[in-house]
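Take a look at the structure set out below.
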Amino acid sequence: MENKGITSREDFSQWYNDIVIKAGLAEHSEVRGCMIIKPYGYAIWEKMQAILDKKFKETGHENAYFPLLIPKSYLSKEADHIEGFAKECAVVTHYRLKTSEDGTGVVVDPDAKLEEELIIRPTSETIIWNTFRGWVQSYRDLPLLINQWCNVMRWEMRTRLFLRTSEFLWQEGHTAHALESEALEETEKMLDVYADFSEKFMAIPVIKGLKTPTERFAGAVETYCIEGLMQDGKALQMGTSHFLGQNFAKAFDVKFATKEGKLEHVWASSWGVSTRLMGALVMAHSDDSGLVLPPQLAPYPVVIVPIYKGEEQLAEINEVAFEIKSKLEAKGIEVKYDNRDTHKPGWKFADYELKGVPVRLALGKRDLENGTIEVARRDTKEKTTVERATIDKYVDDLLKEIQQNLFDKALDFRKNNLQKIDDFDEFKKVMKEGKGMVSAHWDGTAETEQKIKEQTKATIRCIPLDVIDEDGECILTKKPSKRRVIFAKAY
RNA sequence: CGGGGUGUAGCGUAGCCCGGUUAUCGCGCCUCGUUUGGGACGAGGAGGUCGCAAGUUCGAAUCUUGCCACCCCGACCA
C-alpha cells in the first residue's frame with residue numbers, strides 16, 4: 001500500500017505533481033498557465049493568510065485593495081521596473097464583445113478599443129505609488145503601512161502548479177516613510193516576519209540574505225530574501241522584501257513636507273509572499289506516501305476514523321468520538337471526525353495519509369472495551385495505543401512534537417546539504433549531483449556570477465545577513481573576496 | 001519561446017507501425033447483497049465528439065497537415 005499512485009522522489013518533478021494533484025491541492029485549469037486551487041489546498045493557503053495577516057497587523061499594517069487593471073502609462077514611469085516586467089504583462093485592449101456575424105459565438109468588438117490599454121497587474125507598485133501621491137503631504141501622514149491580498153498575473157513561459165503559474169495569489173506590502181533608515185528598518189522587519197513564519201509555522205529553515213544586483217527586484221535599491229532548501233537540493237525563494245529607496249517616490253512624485261518645512265521624497269519598501277509557499281510546503285516535508293503537513297498549517301491537524309460493524313456499534317463509537325473531539329477542541333485543536341459510511345477505514349487511512357494529516361486517531365470496538373484509542377502520526381508513520389482519558393494532552397503534545405520534528409528534519413537536511421567549498425571543480429561536482437547549497441567566495445562581479453551560472457547552473461541565492469566576514473579568494477577568478485555567498489540551483 | 005515526449009470513459013491504459021464488424025483491460029462510478037482494526041468481495045449495470053479542425057479514402061483511433069493542452073529539458077521569472 002506504500003506509494004499508492006505516487007511516483008517516488010527519485011523523479012522529483014513527477015513526485016511533486018503527483019502530490020499536488022492526488023492530495024487535492026490544485027489542478028490545471030483550461031487556461032494555459034493558470035491553476036485551480038482546490039478546497040484542501042485553499043484551506044492551507046487560508047491558514048497561511050490568517051497567520052501572516054495577523055502578523056502584519058501586529059506590526060502596524062492595514063489592508064487595502066487596489067485595482068487589477070493598471071494604465072499602461074504607469075508602468076513606464078520607473079525605467080528598471082518596466083524593464084523587469086514588460087515581457088510578461090497581459091494587456092487589456094478592448095472592453096466589449098459582440099455576437100459574431102454567423103451568430104455562433106462572440107468576437108471582440110473592434111469599436112470597443114480602449115484609448116489607453118490596461119495592464120493586468122504583475123505587481124502593484126505603480127498604481128499604489130500613483131495613489132500614495134494623494135495620500136502623503138506632510139510628515140504627519142507617515143509612515144504609510146499598507147498591505148493587500150490579491151492575485152497578480154505574469155505571463156510565464158513555463159509553469160508549474162504553485163511554483164510558477166501565470167496567475168497567482170499573494171500579498172504585497174507597500175510602505176512609505178519619512179526617513180531612509182525607517183524604510184530600511186521596515187524592509188528588514190518584514191523579512192524577519194517571513195523568516196519567522198517559515199520556520200515556526202511552515203517548519204522550513206530559511207537563510208535570510210541580500211540579493212545580488214542581478215537577482216534584485218526591478219526598481220529596488222536592495223532586495224532581501226528568505227531562501228529555503230527543497231528535498232531535491234534546489235533552493236526556493238520563499239519571500240522577498242525590497243528597499244525601494246526613493247525610486248518610486250521620484251517616479252510618481254510623492255513628496256512630503258518635513259517638520260522644517262522642506263519638501264522631500266518619501267522612502268519606500270515593498271514585500272511579498274505568494275502561493276508559491278504551498279510548493280515549498282510540499283517539497284520540504286512530503287514523502288513517497290504523499291503530503292506531510294506541519295500541524296500549524298494543516299486544515300485539520302487531527303482526524304478521527306471510526307472502525308465499526310453495523311449501525312449500533314457506530315452509534316456507540318460516535319458518542320465517544322464526539323467526546324474526544326470536544327476535548328481536543330477545548331485545547332484549541334481542530335479535529336475532523338470522519339464517520340462517513342461511504343468509505344471503509346482502510347480507504348480513509350490511505351487518503352488522510354496522502355493528504356498529510358499530522359495525527360490520525362482510530363477508534364473501534366476494541367478501544368471502547370479497553371478505554372483506549374489508536375494514534376498514528378504522519379511524519380514518522382508510528383502507531384501507538386493511548387489511554388483515552390489522557391488523549392487530549394497526548395495529542396496536544398504530539399502535535400507540538402511533530403511540528404518540531406519536521407523543522408528539525410528539514411534543518412538537518414540543510415546542514416547536510418550546505419557545504420563550504422573553495423575548489424571550483426568540487427563546486428561543479430556538488431551542483432552536478434544536486435547536493436544542495438554551497439557557501440563560497442565570490443569576487444562581487446556580475447560577470448563572474450554569470451560565468452558560474454553558465455558552468456554550473458547555480459545562481460547566487462543570497463548574500464546571507466548573518467555572514468561572518470572572512471578573507472578569501474573567489475571560487476572562480478581567485479580575486480580577493482571578503483565574504484562567502486550562497487550558491488544553489490534554484491526554482 | 002526553442003528541443004523532446006504525451007493526448008483513447010473520471011484516472012491509468014491496449015489497439016496505431018501494416019486503415020476494415022459492436023474500441024481493450026484495470027481502477028473508479030451506480031444497483032443489490034455480504035463486509036468494515038491499512039485502499040473489501042460477489043453478481044449485475046452505466047459511462048466514449050479516440051485532444052480539436054481540416055484533408056486522403058468506399059471506409060480513419062490508425063495515414064497527412066495545421067492547431068490546442070499537458071509533461072520533461074533549456075532560456076526568462078517569484
Quiz item: Under 6.0 Å between ring centres, would you say that holds for A/Trp271 and A/Phe56?
Solution: yes

Quiz item: Which value, in whole Å, describes the distance between the P atoms of nucleotides B/rC18 and B/rA9?
Solution: 25 Å

Quiz item: Below 3.5 Å, does any donor atom in the side chain of A/Lys344 face an acceptor in the base of B/rG37, or the other way round?
Solution: no

Quiz item: Going by an N to O cut-off under 4.0 Å, is there a salt bridge joining A/Glu227 and A/Lys211?
Solution: yes

Quiz item: Quick one: on RNA chain B, does A/Ala362 or A/Thr342 contact a more 5' nucleotide (nearest heavy atom)?
Solution: A/Thr342

Quiz item: Can you tell me how far C1' in B/rG45 sits from the matching atom in B/rU8, rounded to whole Å?
Solution: 22 Å

Self-check item: Nearest-angstrom distance, P atom, B/rG15 to B/rC58
Solution: 29 Å

Exercise. Would you mind reading off the distance between A/Ile317 atom CD1 and B/rG37 atom P, rounded to a whole angstrom?
Key: 11 Å

Quiz item: Given A/Tyr337 and A/Phe322, is the ring-ring contact (aromatic ring centres under 6.0 Å, His included) satisfied, shown in steps?
Solution: CA-CA 8 Å; A/Tyr337 176 42; A/Phe322 279 120; 5.1 Å; yes

Quiz item: Quick one: which of B/rG37, B/rU36, B/rG38 gets closest to the side chain of A/Asp367?
Solution: B/rG37

Exercise. Let me have a per-nucleotide readout for nucleotides 72-78 of chain B, 5' to 3', with B, S or -, counting only protein heavy atoms under 4.0 Å.
Key: SBBBSBB

Quiz item: A/Gly33 near the nucleic acid: base, sugar-phosphate alone, or nothing, with a heavy-atom cut-off under 4.0 Å?
Solution: sugar-phosphate

Practice problem: Calculate, to the nearest 0.5 Å, the distance between atoms OG and CE belonging to A/Ser166 and A/Met157 respectively. | Solution: 9.5 Å

Quiz item: Where does RNA chain B form stems of at least three consecutive Watson-Crick or G-U wobble pairs, each pair having both distances below 3.5 Å?
Solution: B:1-7 with B:68-74, B:10-12 with B:25-27, B:29-34 with B:40-45, B:51-55 with B:63-67

Using a 3.5 Å cut-off and no angle test, enumerate the donor-acceptor pairs between side-chain atoms of residues 78-93 of chain A and protein atoms at least two apart in sequence or in another chain.
{"unit_1": "A/Glu78", "atom_1": "OE1", "unit_2": "A/Asp80", "atom_2": "N", "d": "3.2"}
{"unit_1": "A/Glu78", "atom_1": "OE1", "unit_2": "A/His81", "atom_2": "N", "d": "2.9"}
{"unit_1": "A/His81", "atom_1": "ND1", "unit_2": "A/Ala218", "atom_2": "O", "d": "3.0"}

Self-check item: Atom pair distance, as rounded to whole Å: CZ in A/Phe12 and P in B/rC71
Solution: 16 Å

Quiz item: Atom CD of A/Glu382 and atom C1' of B/rG38: how far apart are they, to the nearest Å?
Solution: 17 Å

Practice problem: Would you kindly say whether A/Lys453 and A/Thr214 are connected by a side-chain donor-acceptor distance under 3.5 Å? | Solution: no

Quiz item: Can you tell me how far P of B/rU36 sits from CZ of A/Phe349, to the nearest Å?
Solution: 14 Å

Quiz item: Can a side chain N or O of A/His28 be found less than 4.0 Å away from OP1 or OP2 on B/rC71?
Solution: yes

Quiz prompt | Donor-acceptor side-chain pairing of A/Asp232 and A/Tyr16 below 3.5 angstrom | solution = no

Exercise. Provide, to the nearest angstrom, the distance between the CD1 atom belonging to A/Ile307 and the P atom belonging to B/rU35.
Key: 18 Å

Self-check item: Heavy-atom pair with the smallest gap, counting every atom of A/Ile127 and A/Pro71
Solution: CD1-CD, 4.4 Å

Practice problem: Evaluate the ring planes of A/Trp170 and A/Phe168, with Trp represented by its six-membered ring, and classify them as parallel (under 30°), tilted (30 to 60°) or perpendicular (over 60°). | Solution: perpendicular

Quiz item: Just checking, any donor-acceptor pair under 3.5 angstrom between side chains of A/Arg121 and A/Thr123?
Solution: no

Quiz item: At under 4.0 Å between heavy atoms, what does A/Lys365 touch on the DNA or RNA strands: base, sugar-phosphate, or nothing?
Solution: base

Practice problem: Could you measure between the two C1' atoms, the one in B/rU24 and the one in B/rU13, and give it in whole Å? | Solution: 9 Å

Quiz prompt | Inter-nucleotide C1' distance (B/rG2, B/rA46), Å rounded | solution = 46 Å

Self-check item: Rounded interatomic separation in angstrom, taking NZ from A/Lys309 and C1' from B/rU35
Solution: 8 Å

Self-check item: Ring centers of A/Phe427, A/Phe424 separated by less than 6.0 Å
Solution: yes

Quiz item: How close or far is atom P of B/rC71 from atom CG of A/Asp18, stated in whole angstroms?
Solution: 12 Å

Practice problem: Round to a whole Å and report the spacing from CH2 of A/Trp347 to C1' of B/rC29. | Solution: 13 Å

Exercise. Can you tell me, in whole Å, how much space there is between the P of B/rC1 and that of B/rG59?
Key: 37 Å

Quiz prompt | B/rC11 and B/rG3, which share atom name C1', separated by this distance in whole Å | solution = 30 Å

Practice problem: In whole angstrom, give me the gap between the P atoms of B/rC27 and B/rA40. | Solution: 12 Å

Quiz item: With a 4.0 Å cut-off on heavy atoms, is A/Glu374 in touch with a base, just the backbone sugar-phosphate, or nothing at all?
Solution: base

